[in-house]
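So the structure is just underneath, and the comments pick up after that.
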Amino acid sequence: MEISSKEFKHCNLVSISGRVDSATAPQFTQALDKLMEKGIYKLVIDMHGLEYMSSAGFRALLAAQRNCKRYNRGEVVLAAVPDRIREALELAGFTELFKTYKEPLDAVGSL
Amino acid sequence: MSAKEFPAKFDYLDEVREYVGEKARAAGFGEKDIYSIQLATDEAASNVIEHAYEGVPDAFFELTCEFKNDRMTITLLDHGKTFDPSKVDVPDVKADLSDRKIGGLGIYLMRKLMDEVRYESTPSGNLLTLVKRKA
């Protein structure tokens with residue numbers, strides 16, 4: 001799993017690629033926590049290069065969304081979600097909790 | 001039927017998914033079903049590692065795969081603490097953000113992704129059986 005973060009005027013674009021499972025989810029959580037500790041609560045997660053995500057990754061997303069939405073200070077949105085991952089997110093009812101965009105830059109513009 | 005032993009460590013989940021993915025591909029499942037089988041098996045193995053073998057170093061579990069009569073049957077056998085997934089509360093996947101439960105999601109996905117999920121406590125250990133029918 002690879003994570004990189006790019007700063008925009010109103011939000012950060014977090015690109016995640018590879019596989020997120022119980023082994024790698026803690027790194028994902030850590031990367032998101034680091035941004036939130038800096039006071040960045042508007043996050044776009046670009047999943048373009050993501051091959052796989054288990055419920056361990058879903059839990060990391062849920063925790064970040066809770067933290068970001070607290071006091072209406074921000075939001076986590078998802079972009080370029082691959083079909084298989086989107087289907088699993090739908091099964092888990094997560095597509096109700098996250099706005100999703102096809103284009104990462106559209107997501108950036110929305111925040 | 002093929003069987004393989006895996007160390008009960010999260011670092012081996014990649015290999016677990018590859019193992020069942022190859023079997024599913026060889027059996028002629030499509031990409032969507034292969035992903036479902038890999039995800040369900042990962043969730044099952046993660047539960048074994050996290051709950052059945054909680055705090056137990058150097059533990060192993062056995063994974064078997066069999067394709068017969070258009071059905072892929074995967075079993076996981078461990079010798080850890082009894083962990084009956086059917087006793088875990090089903091999460092409300094329609095709940096609001098603030099009411100979402102973090103636990104039980106893996107088991108919920110397993111049930112949604114597979115056609116059958118069975119748990120038995122046997123003399124040789126905890127046996128979880130996952131079945132996927134080929135459409």
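Chain naming here is simple, since letters A, B, ... match the order of the sequence lines and numbering starts at 1 in each.
Of the inter-residue distances, the one linking A:Ser55 atom OG with B:Leu39 atom CG reads 7.5 Å to the nearest 0.5 angstrom. Annotation: the span from B:Arg100 atom CZ to A:Gln65 atom CD amounts to 11.0 Å, rounded to 0.5 Å. Atom OH of B:Tyr108 sits about 7.0 Å away from atom CG of A:Leu91, to the nearest 0.5 Å. In this structure, A:Asp21 CG and B:Asp14 CG are separated by 6.0 Å, a value rounded to the nearest 0.5 Å. For the atom pair CZ (B:Arg17) and OH (A:Tyr52), the distance works out to 4.5 Å, reported to the nearest 0.5 Å. B:Asp42 contributes atom CG, which lies 11.0 Å from atom CZ of A:Arg19 (distance to the nearest 0.5 angstrom).
B:Leu77 and B:Met114 fall into different hydrophobic clusters, defined by Ile, Leu, Val, Met, Phe, Trp and Tyr side-chain heavy atoms under 4.5 Å apart, directly or through other members. Using a 4.5 Å cut-off between side-chain heavy atoms of Ile, Leu, Val, Met, Phe, Trp and Tyr, with links allowed through other members, A:Ile16 and A:Leu89 fall into the same hydrophobic cluster. Under the 4.5 Å side-chain heavy-atom criterion for Ile, Leu, Val, Met, Phe, Trp and Tyr, A:Tyr101 and A:Val76 are members of distinct hydrophobic clusters. Two different hydrophobic clusters hold A:Phe98 and A:Val44 under the rule that ILVMFWY side chains link at heavy-atom gaps under 4.5 Å. A:Val20 and A:Leu13 fall into different hydrophobic clusters, defined by Ile, Leu, Val, Met, Phe, Trp and Tyr side-chain heavy atoms under 4.5 Å apart, directly or through other members.
A 6.0 Å sphere centred on CG of B:Asp58 holds no more than 12 heavy atoms belonging to other residues, nucleotides or ligands. The number of heavy-atom neighbours closer than 6.0 Å to CD of B:Glu5, taken from other residues, nucleotides and ligands shown, is above 12. Counting heavy-atom neighbours within 6.0 Å of B:Glu120 CD, excluding the residue itself, gives a total above 12. More than 12 heavy atoms of other residues, nucleotides or ligands shown are found within 6.0 angstrom of CD on A:Glu90.
Closest approach of A:Glu51 and B:Tyr35 over heavy atoms only: O-CE1, 3.6 Å. When all heavy atoms are compared, the tightest approach of A:Ala88 to B:Leu109 is O-CD2, 3.9 Å.
The most heavy-atom pairs under 4.5 Å with chain A, out of B:Leu97, B:Asp11, B:Asp96, come from B:Leu97. The candidate from A:Arg66, A:Arg59, A:Glu96 with the greatest count of non-hydrogen atom pairs under 4.5 Å with chain B is A:Arg66.
For B:Ala95, the part lying near chain A is the backbone, with the side chain staying farther off; criterion is any non-hydrogen pair under 4.5 Å. Only the backbone of B:Ser98 comes within contact range of chain A, judged by heavy atoms closer than 4.5 Å. Interface residue B:Lys32: backbone and side-chain heavy atoms are both found under 4.5 Å from chain A.
Two residues are said to be in side-chain contact when any heavy atoms from C-beta on lie closer than 4.5 Å; B:Ile49 and A:Ser22 fail this criterion. Proximity of A:Phe94 to B:Leu105: side-chain heavy atoms (C-beta onward) are separated by under 4.5 Å at one or more points.
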